[in-house]
Amino acid sequence: MKLAYDLSFTHTEGRWAAPGSWVGTSYPDHRMFTELAVSAERAGVDMLFFGDGVGIPDTWKGSLDAAVRWGIQWPRQDMSPVIAAMAQHTSHIGFGLTYSSTYLHPFYVARLMNSLDHVTGGRIALNVVASGRLSDAANYGFDALLPHGERYELMEEFVDVCRQLWASVEPDVIVADRTTGQYGDPAKVHPIHHRGKHFAVRGPLPSVPSPQGRPVLVQAGSSPRGIAASAAFADVVFGVGGHREWQLRHRAALDHELVAAGRDPAEVGILWAVQLIVAATAEEAQRQRAAMLDQLSLEGIGTYLSYNCGFDFSRLPESFVLGEVQEQIEAAQASQAGFVSQLVDRMGADARISRAEFFDEGWRHATGYDQTIAGTAEQVADELQEQHEATGARGGFMVTNPGSMPGALDQVSGLLVPELQRRGLRPDGYTEDTLAGTLLGRPLR
Ligand SMILES: Cc1cc2nc3c(=O)[nH]c(=O)nc-3n(C[C@H](O)[C@H](O)[C@H](O)COP(=O)(O)O)c2cc1C
């Protein structure tokens, strides 16, 4: 069972003030993260993961004020320098970093990831996202989203260019002959001459190959087109966890697409997002879970949900049909896998729901209350083991949105991980030097 910690939101959505959160230091002090990395490595965690987005939530009432006021997915730094810092204090844990294939240039990202693979000693992963939010788009010169399918077409070309660039220099390119003074071997350096629909890149990368050759590739799209993109290139997939039917459908769709792409489904795991509260007693875990409901204001909830779905829920009428809102979200080319889709799955597209009911459901979703598995180490391990086996025992879990940082994650490391180890689900330590070795059990191709 693979285990990663998602550190995308260590301080936002009220976590900065939750019991168990850092005191006397505040985001983005990199020392908070180096400490976290050291303690996660002590627990043998496979990877620390950073999602990203460059917009400030501004879907709610068309303004970013509420996001700033309540700290909803704001502020966010580019975490690449922080990963470089964490790597200097650790030796085995891997790091996943997110960049957008819709707005960034593959040459820039390929070169940056090559350098990060060097500085981490072969422990970097790239999570490629298609970016489904207008506030991201606005920072790169767009006032509308590209069609959903086109974003994935772009993503596949983006990754293709990156992979060509990572392979454009052969491992033994450095000669470093002090007698002749010859430094490199030009026969080992190959321009790629890529001319595609979206990118034109001559190459080669002006760098030397990194320990893994390329980063481990992660992808999180969960629409049919997003899953096809995962099958095209992902080494590991990040999936929406917690809803068994949804998970089984995702796993089956991914397996189908992998076979169609000529790949072995046994090789591509899904890390299911999972929110956990682990405590010494079941009562204490449930008490902490209930306290999550008080972590956000009503305006904060609206801001969070509106941004995640790409729809301004401040405009909802007193009552409405779920499927109609879902259609509007899809027509806006925003995410098809958000909170509304989950409600539709549960209640049906024809269900009529009042505004108050919607926000009540949304409250439990946005605070993480609904998705959180809370219990003792034994109870949480039982649940994870059952989920793992029922979804094909490939991949594992991404512990996401912990209620407090570092408190909630320290409980996972200190209580849950030893229980998983006792059951033989987690190794006692690292046996591999690279992230590909640790996470995939094989070198990258
Ligand atoms: C578990 C999970 C994590 C994600 N993390 C990010 C992220 O950090 N940044 C981002 O821009 N999108 C993120 N996404 C969004 C996806 O990359 C994708 O753009 C979104 O799910 C819409 O595509 P889809 O319709 O194919 O699902 C995430 C999605 C999932 C399911």
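Note that ligands are numbered from 1 as they come in the structure, with each ligand's atoms numbered from 1 the same way.
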- Sub-4.0 Å atoms of ligand 1 with respect to non-hydrogen atoms of G51: 8 (O)
- From the options V54, V129, D6, select the one whose nearest heavy atom is closest to atom 14 (N) of ligand 1. V129
- Message: Need the ligand 1 atom indices (1-based, order shown) with element for anything under 4.0 Å from a heavy-atom of S222.
- Response: 24 (P), 26 (O), 27 (O)
- Which of the atoms in ligand 1, numbered in the order shown and given with their element, are less than 4.0 Å from a heavy-atom of S223? 24 (P), 25 (O), 26 (O), 27 (O)
- Charged tip of R195 within 45° of F199 ring normal and under 6.0 Å: no
- Is the closest N or O pair between H148 and ligand 1 shorter than 3.5 Å? yes
- Task: Would you verify whether the NZ or CZ of R163 falls within 45 degrees of the ring axis of F233 while also being under 6.0 Å from that six-membered ring's centre?
- Result: no
- Message: Regarding ligand 1, does Q219 bring an N or O atom to under 3.5 Å of one of the ligand's N or O atoms?
- Response: no
- Item | Residue selection (non-hydrogen contact nearest atom 28 (C) of ligand 1) among A220, S8, S230 | A220
- Return yes if a side-chain donor-acceptor contact under 3.5 Å exists between E153 and H198, otherwise no. yes
- So which bit of D52 gets within less than 4.0 Å of ligand 1, heavy atoms only: side chain, backbone, both or neither? backbone
- Message: Distance under 4.0 Å to a non-hydrogen atom of V240: what atoms of ligand 1 satisfy this?
- Response: 31 (C)
- Message: Using a plain distance cutoff, I'd like to know if N127 has any nitrogen or oxygen under 3.5 Å from a nitrogen or oxygen of ligand 1.
- Response: no
- Message: With heavy-atom distances below 4.0 Å as the criterion, list the atoms of ligand 1 near G221.
- Response: 26 (O), 27 (O)
- Message: Would R352 and F320 count as a cation-pi pair here, with the cationic atom under 6.0 angstrom from the ring centre and within 45° of the axis?
- Response: no
